[in-house]
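Read the structure below first, then the notes.
Hydrogens, waters and symmetry mates are skipped; everything else that's a heavy atom, side chains included, is used. Numbers here simply count residues along the sequence, with the first being 1. Please read all numbers here as calculations on a predicted model, not as lab measurements.
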Amino acid sequence: MAGTPGFVQVLCRAVRTVALVLFYYVFSIGITFYNKWLMKGFHFPLFMTLVHLVIIFCLSALTRSAMQCWTGKPRVLLNWKSYIYKVAPTALASALDIGLSNWSFLFITISLYTMTKSSAVLFILFFSLVFRLEEPNPFLVVVVLLIAGGLFMFTFESTQFNLQGFILVLLASFIGGIRWTLTQVLMQKAELGLQNPVDTMFHLQPLMFMGLFPLFLYNEGLSLCTSVKLFRVSEISPLLYTLLTLSAGGGLAFGLGFSEFMLVSRTSSLTLSIAGIFKEVCILLLAARVMGDKMTALNWLGFAVCLSGISLHVGLKTYYSKGKGSTLRQLPSHDSRELELPLLRTGQDGEDVETCDEEEEQEILH
């Protein structure tokens with residue numbers, strides 16, 4: 001029975017990974033359908049996003065305080081120079097990505113949103129090459145062609161296609177490529193100390209709010225002031241209902257950011273990529289059944305082609321991460337223990353952290 005401890009260790013790790021993936025699915029799928037449901041009666045997506053940013057900041061601050069009490073160590077707090085020059089670009093890209101994504105729900109279906117948002121892989125690849133986080137590879141051309149071809153097939157003669165919403169979410173995907181590339185750089189800079197997801201979210205939210213606020217004033221400021229949903233309510237109950245639904249979305253948004261970063265830090269970015277593929281399949285199936293989204297055989301074929309491109313990209317990352325002629329250029333590594341979440345530790349120090357996690361945590365975050 002010498003192999004029993006090893007088997008138990010592998011089993012515990014598998015159970016932990018499945019639990020983290022399901023935890024991520026609850027918030028990721030939940031907030032997608034929540035946003036679409038809310039936008040049917042509340043046509044202020046940028047205001048909704050700002051409210052969510054405030055809630056995420058407050059929840060992050062409370063979590064940081066709890067962590068500090070638990071560990072007895074002060075949490076990282078950047079100085080103003082580092083905060084403005086190093087965090088601001090990531091925060092601005094994140095705010096625009098989320099804001100434009102939520103805005104697009106006013107015009108498009110969940111299925112079209114999910115499919116178009118998948119094109120973010122193309123822009124992540126592009127900016128990874130620009131920032132020299134990934135070196136050119138001939139297989140990347142095949143990845144680009146598959147994803148772009150699948151997106152074209154999915155939108156071709158679609159009965160529920162909306163050009164304005166499509167442009168908004170495509171622009172969000174483009175900015176998302178910048179966002180996740182900068183996020184990778186931000187979290188892998190050991191001198192900043194932002195490897196913990198809660199610290200990252202805490203520092204990002206204020207600048208994200210300030211970056212999105214001017215766009216909100218220009219697009220929604222006047223109409224929101226005259227809306228019966230908030231400032232011109234005649235009864236208190238509709239106002240409380242609106243605030244409650246917005247707060248629920250803020251909780252989902254915090255849970256999504258927390259679960260996403262936690263899945264990467266406790267497993268690997270590869271796990272998040274694979275989980276994202278199956279998540280998109282689940283969303284499309286639910287959208288067709290629950291929301292009544294109409295998809296033709298050509299749309300499904302386009303989606304399959306797009307997923308093939310994403311799967312090929314994930315497979316290439318797996319292959320090269322094993323050291324077989326790696327084309328991925330690693331940034332300076334950080335101590336993997338910085339990625340541990342103190343509130344989630346069990347048992348003695350390091351009991352639930354396998355040595356192979358350290359290798360996985362060095363993978364490029366896409």
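Within the 4.5 Å cutoff, no side-chain heavy atoms of Leu59 are placed close to those of Arg64. Contact of the Lys73 side chain with the Gln68 side chain is not registered, since no non-hydrogen atoms from C-beta on lie closer than 4.5 Å. When side chains are defined from C-beta on, Gln164 does not count as touching Leu106, because their heavy atoms never get closer than 4.5 Å.
Residues passing the ring pair (Phe, Tyr, Trp, His ring centres under 6.0 Å) test with Phe57 are Phe202, sequence neighbours excluded. Every residue two or more places apart in sequence or in another chain was checked for a side chain to side chain donor-acceptor pair (under 3.5 Å) with Thr90, and none qualifies. Here Lys81 pairs with Asn79, Tyr85 under the side chain to side chain contact (heavy atoms under 4.5 Å, CB included) rule; sequence neighbours left out. Taking Lys279 as the reference, Tyr24, Tyr25, Ser28, Ile29, Ile283 meet the side chain to side chain contact (heavy atoms under 4.5 Å, CB included) condition, with sequence neighbours excluded. Taking the side chain to side chain contact (heavy atoms under 4.5 Å, CB included) definition, one finds that Leu312 meets it with Val142, Val143, Leu146, Leu316, sequence neighbours left out. Every residue meeting the side chain to side chain contact (heavy atoms under 4.5 Å, CB included) condition with Leu252, not counting sequence neighbours, appears here in chain and number order: Phe27, Ile31, Tyr34. Contacts of Lys86 classified as salt bridge (charged side-chain N to carboxylate O under 4.0 Å, His left out), with partners at least two apart in sequence or in another chain: none.
Through chains of ILVMFWY side-chain contacts below 4.5 Å, Val18 is grouped with Leu22.
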Hey, can you pull the donor-acceptor pairs under 3.5 Å for the side chains in residues 38-51, sequence neighbours left out?
| unit_1 | atom_1 | unit_2 | atom_2 | d |
| --- | --- | --- | --- | --- |
| His43 | NE2 | Met39 | O | 3.2 |
| His43 | NE2 | Lys40 | O | 3.3 |
| Thr49 | OG1 | Pro45 | O | 2.8 |
| Thr49 | OG1 | Asn102 | ND2 | 2.8 |

Please set out all donor-acceptor pairs under 3.5 angstrom arising from side-chain atoms of residues 203-212, sequence neighbours excluded.
| unit_1 | atom_1 | unit_2 | atom_2 | d |
| --- | --- | --- | --- | --- |
| His203 | ND1 | Asp199 | O | 2.8 |
| His203 | NE2 | Leu78 | N | 3.3 |
| Gln205 | NE2 | Met201 | O | 3.0 |

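By the criterion of side-chain heavy atoms lying less than 4.5 angstrom apart, applied directly or through intervening Ile, Leu, Val, Met, Phe, Trp or Tyr residues, Tyr218 is not grouped with Phe216; the two fall into different hydrophobic clusters.
Evaluation of the salt bridge (charged side-chain N to carboxylate O under 4.0 Å, His left out) test over residues 100-118, restricted to residues two or more places apart or in two chains, returns Asp97-Lys117. Counting only residues at least two apart or in different chains, salt bridge (charged side-chain N to carboxylate O under 4.0 Å, His left out) contacts with residues 207-221 are absent.
Arg179 places no side-chain N or O within donor-acceptor distance of the main-chain N or O of Ala95, the cut-off being under 3.5 Å.
Note: Ile56 CD1 to Phe254 CZ = 8.0 Å, rounded to the nearest 0.5 Å.
When all heavy atoms are compared, the tightest approach of Leu112 to Thr116 is O-OG1, 2.7 Å.
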